[in-house]
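One structure below.
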Amino acid sequence: AHPRNIKRNGSRGCVARKTRFGSRERDWLKGDTQRGCVCLYGATVDPQPPATGPQASSTLSPPQTDLQLVLCSTSTTVEELCAQRNGQGLYVQLHGDLIRRLDPSERPLQILYDYLAAMGYADPVRVQQEAANSDLSCLIRFYSGEYRCADQQERTLLKGIFSVRKGKTQLHKWAERQVILCGTCLIVASVKDSLTGKMHILPLVGGKVEEVKRRQHCLMFSSAGSQAQTYFVNFDTLADYQRWHRQASKVVSQTVSMVDLSCYSLEAVPEYLFYSQDITHLNLRHNFMSLQGPGGLLHLPRFSQLRSLNLSHNRLGVFPECVCEILTLTELNLSCNNLHTVPVQIGNLQSLQTLSLDGNHLTSLPEELGGLSQLNSLGFSFNNFSHIPAVLESLSAVEKLAMAGNRLESLELSILARMSHLKNIDLRLNGLQWVKSESLDAVSQVTHLDLRDNCLDALDLSPICNLETLHCQRNQLGTLTLSGFTLRMLHASNNRLTTVNIYPVPNQLTHMDISQNLLEYLPDWVCDCRKIEMLDITHNLLSELPSRLLNSLSLRKLLSGNNRLQRVPDLLDHVPLEALDLQHNNLAELPESLFYKALNLKYLNMSANALESIPPSSQSEESLSTLQELYLTGNNLNENCGALLVGHQNLRVLHIAYNQLLSFPASKLSKLELLEELNLSGNKLKTIPSTVSSCKRLHTLIAHSNHITVFPEILNLPEIKLVDLSCNELTEIQLPDSLPATLQELDLTGNSSLILEHKTLNLFSHIPTLKLDQKPIMTTGDSQSASTPWNHAYSEMSGQRNKLCVSVLTVDQFGDSGEACYGIFDGDRNEEVPRLLQCTMGDVLCEELQHSSNDNVYMCNTFLTSHRKLGMAGQKLGASALLCYIHHETSDAGGYLSLTVANVGTCQAVLCRDGRPVPISKVYSLESCTEEMERVKLSKAIITEDNKVSGVTCCSRLLGCSYLSPWVLPKPWVHTKPLCSQDEFLILGNLALFKRISYQEAVCTVQAVRDPRAAAKKLCSLAQSYGCKDNIGAVVVSLHIGVDSCTCEPPISTTEPRSLPPVPMPVSLTPGPTDSATLSSSSGIVSEFNSETSASEVGSEAGSTASDEHHSSGLVLRPERRCSLHPATTLCGLFQRQPSCATFSSNQSDNGLDSDDEAPVEGVISNGSKLEVEVDIHCCAFQIRSGVPESHKDSNLEKRGSDYTNGKMRRQNSVVVSATNGCLLAVCGREIADLKKSPSTSSLFGKKLSNGSVVAPEDSHNLIEVALEAPKKKSGYFTAPAQPDPEDQLIVPPSLEQEVREQLRGQSPLMSDYTDQPWDYDH
């Protein structure tokens, strides 16, 4: 091995730049994939190592971290490496968590390679490259010495020499003593003989620690009880005083003598801990405890009063027999320790009451365990038992059989009958094939039975006569037979049930869920249940509801959506019904008496039916309705229903979208004074009544996809938060003098005639999320050749969550050969990871395409690299991700297009082909993917009852959440499908969308609307009306694949081979110092207005815009017109596919623009005010700059303008090309200082033109500012970049220099000046 010291600054414990190798290192790696490089942290170039060893860095001000490169092979052991390093040990840390000492025989490079292979990397050469990347340190990191966190040391042991006085009186003098705070005791000892001399031990639990005010930095420690002792300790510094006070306060506040040393990477407990003889509870979970050593497990019997010991997650491998000598134990936890056997000595623990052995490899239990008469809780879930251990018959105090996740294939009920003490049986996730009863004996003691997620096709549990609760979801049950004597709760969803047989009638039944089955009718006994309160029968085949059921005097919640109901029976008397869900049926009317017979009704969902009217709220003028939430979306209601809504004066939520409303009665709306959320989208409204101002509690108004021309009077409402008036016909907006501080989002996109005045723009600048666009303008020189055979739109809704954790990536023009890229990322509860993926994943894909043309390889590596680039954010947080890449087949780049989809988690994509949905993604959740469930079980993860890995996530594959490795992996599912002319559109959505909307309904919805923006909006609105409260994201990509979409003039159809980067256009590209002119890390922040910029802050500079078509820049005449399906081989390369350094790990990511523009855009204020237009920048933008210094802009403007015969000034300074079909990017606002701080207020705007081009040059009197600010990584997160140097030149690889010179000379005489400029290489 050849060590080489490289000193680096750690960035919060994570190095942000790739390690740069010299020739010696490169030669070492060549030709042998068993060789590699290990980055060792904690090494020092100082020959005098610090006496205390490397200390942990504070998260606020990290010290300089030394990084040492060690070249070795996969056979190099720790012992060999340490021999060159003065015998220092090596440690490994995974995902920034625990740090484990490596055994001398372990091989660090092999550990590293195995980790990468488990992640999903398949190519040995790529594994070797990734292993040498220091960015990997956030996932796996090696330390060359013991690494201890200061905070960790403080909580395990405090020690120092201070002035001490014993007792409250003045009889004792102050003297210097060694003082130790460890465990539950304060230890005072002489300075010289701290371990052998006289020691005073002061138990602190229940005692006091108080500040001594008459002395500086002095604390008084007192023990509890009548014989309390007191010590005064005078500390030297305030920091010491605060540290000791903080830790001692925790100890004295405890009610039991408990010491928590979990998650400290301990190999042994501090030796001073054994002086705390009053310890009763000791938690050593998540450590690396060893048997030997002064503080090893062998010494734990020294605790004479220890009752509870937690040793779970310690990689023990063998059951530590020494714990069987701690006879006082009542609770022992040895879960997740790779144990294969339990020793017979376990029988010694006669006081044991709780024993947890979950997540091991046990196949049997010793008979001696049966002698523990007090044992009442025994857990051995997620082991390898193939039968119920016979020793359980002797354990008469055990009431619960916890055997989830084992390997029982069959269950004989007679075995349970012999174990008469078992009441609760948990056999989830066992692969059970059958449950049978060989005898007629009743199993009378079992009251709770959990058989979820097995392989049962029939279940007869009638012998279990006292059954109270049954869980049997997600089997393949066709029949279910139960005893109804004591049955209270039945959960049997997601099966194939056609009927449920229960005898006798279950009169104690209160809760029943039989949704997602094949029931065509409800059994008669359901109507006879006297106490049933909740009934879920959604997603069945029911054609009618029994009248007796609806008139039940106990039923409070009835969910019967997604059936085939034709009518709802009349209510005969007052009923206690509180929630009624009848969505997705065939109902044309509701019972006339519904609202005045069901006076307790608070929730009613009638969405997706055929209602033409709703029943009156009462029989008289006075209404007693308590209805609070009413969902009527997707019916045939007209404006007459407004009068019938007035009686529901307690309404808080009203969704009446996608009906036939021409208007909403003004006088009626004013009566709904408690209304908080109103959705009127998808009707034919021309206005919203001014009486909406009476709804003082309204916080959400959604009225997109109407014909509204006048902005409603809602900005005076005190609580308004969200207003969505997109896809309407607004022309102007009358505003009050000030906007409510509560307004968080205003969406005005899709209003093509809307013109905003300067005052309006200035007022809007304070809204955190403002979405606008401008009227498309056709200009001279535009042509349809700029169009692509696809266009997209997206919609995101936060629902009832206070933040949006869904992000999308949309690139209509990805690369240089007519390709596209779309993605959606769902972080569930975190918004950071989706934003980071949105900003980086397009870059990563662009770079990976340089290394491989195999779809499975480049997509897998894109996901794995993005996972690595999440850095520290990806250690504890994660996100589902889906990426769609539309590209040419490499075999025939001239014509055929293919769609490659890759995904992890629960984001989904569906393709509409011939009007039918074609799912093209895979849902990686434990419930829907049996092979993933089996993989996670084999790796001994604990799966909780809600089917979440360690109770965290239901997904088995995610980007991020690396601390759940190897259970949760980042390797994606990859699938490629050739596209054809029958492919109409593509829908991307997150779990919340497709949980409420089936693939078929989603396809039908988009088919009916056609416009992608309106379709995406409709999908999200429908999901909300169907009951979704979470974040929703939808992307709709309209496809026009086929001969008709080809706009090529000559019959030539060749493209650049993917392996070679195309030649750039004859303009000066200005990336940052480490940037190639490719996808920038701004690839899709959000198309939203920044709230913290006023309209007057931007107006001094000028910007120009151009598409990636040559002619629109006014520089080069195109010899022929090409379509995106058949691009030319010549200069189409504004968008180079070169390896990008502008990714998440790059040191700089400059995307600043600073240039002059041509003519003002119609409808846009350009007199120094802020330009606000919609951006489709879930895409990637990059910049092109001239080599002209900024100081000479004005003179160059005049000079260059004279080159044109018409005298028009055509500038070729900064050109921003967005990959979203060439949209104009007009960006306003402050720098994005930190993506984590304000991820949803980035200041990116753009105007999309109808043909994908941009405004042509015209006479310019006013200048429009264009400034693009994109985030870059700093300390694991983003900050805004610096602006690039205007002197920067075109960056061209040396190998292509001559070819580019020749092509530039041949294009136009105007380019002669540029070809003589010196080239600027980045190497």
Side-chain angles (χ1 to χ4, degrees), residues 595 604 613-618 621-633 635 637-748 751 754 760 763 1021 1025:
F595 292 126
L604 175 62
S613 65
I614 58 175
S617 58
S618 66
E621 291 187 5
E622 184 179 358
S623 172
L624 299 176
S625 168
T626 59
L627 192 66
Q628 296 181 9
E629 296 183 52
L630 178 58
Y631 300 88
L632 298 169
T633 295
N635 284 283
L637 300 170
N638 56 32
E639 55 274 11
N640 295 330
C641 70
L644 298 170
L645 292 171
V646 176
H648 304 295
Q649 296 185 3
N650 292 300
L651 263 185
R652 293 188 300 104
V653 179
L654 174 59
H655 284 223
I656 195 167
Y658 297 98
N659 281 281
Q660 306 297 321
L661 273 67
L662 297 174
S663 64
F664 199 97
S667 60
K668 311 302 180 186
L669 184 58
S670 64
K671 302 289 181 65
L672 303 178
E673 296 180 353
L674 300 182
L675 201 60
E676 298 175 8
E677 180 178 324
L678 177 61
N679 192 329
L680 296 167
S681 305
N683 284 286
K684 301 174 182 178
L685 301 176
K686 293 185 177 180
T687 182
I688 291 178
S690 59
T691 51
V692 71
S693 58
S694 301
C695 306
K696 298 298 184 183
R697 296 190 181 182
L698 192 70
H699 58 68
T700 299
L701 173 64
I702 303 175
H704 62 76
S705 309
N706 279 286
H707 305 301
I708 298 171
T709 57
V710 180
F711 194 82
E713 299 179 18
I714 41 90
L715 295 182
N716 288 318
L717 296 176
E719 298 183 23
I720 192 73
K721 291 182 180 178
L722 185 151
V723 179
D724 186 349
L725 292 170
S726 57
C727 303
N728 277 289
E729 299 170 11
L730 294 173
T731 55
E732 59 180 349
I733 298 178
Q734 297 294 328
L735 293 178
D737 293 335
S738 63
L739 296 181
T742 55
L743 186 60
Q744 297 294 309
E745 181 173 343
L746 175 60
D747 190 345
L748 298 175
N751 289 279
L754 181 62
T760 304
L763 202 57
S1021 284
S1025 292

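Side chains are part of it too, since the values below use all heavy atoms of this structure and drop only hydrogens, waters and symmetry mates. Since this is a predicted model, take the numbers as computed values, not measurements.
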Calculate, to the nearest 0.5 Å, the distance between atoms OH and OG belonging to Y658 and S1021 respectively. 5.0 Å
Is the shortest heavy-atom distance from the side chain of L685 to the side chain of L662 under 4.5 Å? no
Does R652 have more than 12 heavy atoms from other residues, nucleotides or ligands lying within 6.0 Å of its CZ? yes
Set of side-chain hydrogen bond (donor to acceptor under 3.5 Å, both in side chains) partners for T700, sequence neighbours left out: none
Looking only at non-hydrogen atoms, find the nearest pair between P712 and I688 and report the distance. CB-CB, 3.9 Å
Within-4.5 Å side-chain heavy-atom neighbours: Y631 and L604: no
Side-chain heavy-atom pair L725, L730 within 4.5 angstrom cut-off: yes
For L763 and S738, the nearest pair of non-hydrogen atoms, with its separation, is CD1-CA, 4.1 Å
For side chain to side chain contact (heavy atoms under 4.5 Å, CB included), just list the numbers for L748 and F711, CA-CA rounded to whole Å, side-chain angles, deciding distance to a tenth of an Å, and then say yes or no. CA-CA 10 Å; L748 298 175; F711 194 82; 4.0 Å; yes
Test item: N706 side-chain N/O and H704 main-chain N/O as donor-acceptor pair under 3.5 Å: yes
Indicate the atoms forming the closest heavy-atom contact of T633 with S1025, along with that distance. OG1-OG, 2.7 Å
Beyond-backbone contact of L678 with L698, side-chain heavy atoms, under 4.5 angstrom: yes
Can you see whether H648 engages S617 through a side-chain donor-acceptor pair at a distance of less than 3.5 angstrom? no
Start with the C-alpha distance between L743 and V723, add both sets of side-chain angles, then the distance that settles side chain to side chain contact (heavy atoms under 4.5 Å, CB included), and finish with yes or no. CA-CA 8 Å; L743 186 60; V723 179; 4.1 Å; yes
Quick check: do E745 and K721 have side-chain heavy atoms less than 4.5 Å from each other? no
Neighbour count above 12 (heavy atom, 6.0 Å) for E729 CD: yes
Within residues 661-677 or reaching into it, pairs that qualify as side chain to side chain donor-acceptor pair (under 3.5 Å) - sequence neighbours excluded: H655-E677
Contact check, side chains of N638 and L661, non-hydrogen atoms, under 4.5 Å: no
Exam field: side chain S681 to backbone A657, donor-acceptor pair closer than 3.5 Å: no
When rounded to the nearest 0.5 Å, the distance separating OG of S690 from CG of N716 is 11.5 Å
Output the distance between atom CG (N728) and atom CG (N751), rounded to the nearest 0.5 Å. 5.5 Å
Do side-chain atoms of N650 reach the backbone of Q628 as a donor and acceptor pair under 3.5 angstrom? no
A side-chain contact here means heavy atoms from C-beta on lying under 4.5 Å apart; do L701 and L722 qualify? no
State whether a side-chain donor-acceptor pair under 3.5 Å links S623 with S618. no
Would you check if L632 and L630 make a side-chain contact, meaning some heavy-atom pair closer than 4.5 Å? yes
Rounded at 0.5 Å granularity, tell me how far CD1 in I708 sits from CG in L680. 7.5 Å
For G647 and S625, which heavy atoms make the closest approach, and how far apart are they? O-CB, 3.9 Å
Yes or no on side chain to side chain contact (heavy atoms under 4.5 Å, CB included) for I656 and L637, after CA distance, side-chain angles and deciding distance? CA-CA 8 Å; I656 195 167; L637 300 170; 4.3 Å; yes
Carefully, step by step, assess I733 and L754 under the rule side chain to side chain contact (heavy atoms under 4.5 Å, CB included). CA-CA 8 Å; I733 298 178; L754 181 62; 4.0 Å; yes
Within the 3.5 Å criterion, strictly below it, is a donor on H699 or E719 matched to an acceptor on the partner's side chain? no
S693 OG to E713 CD distance, which is reported to the nearest 0.5 Å: 6.0 Å
Please report the interatomic distance CG(D724) to CD1(I702), rounded to the nearest 0.5 Å. 6.0 Å
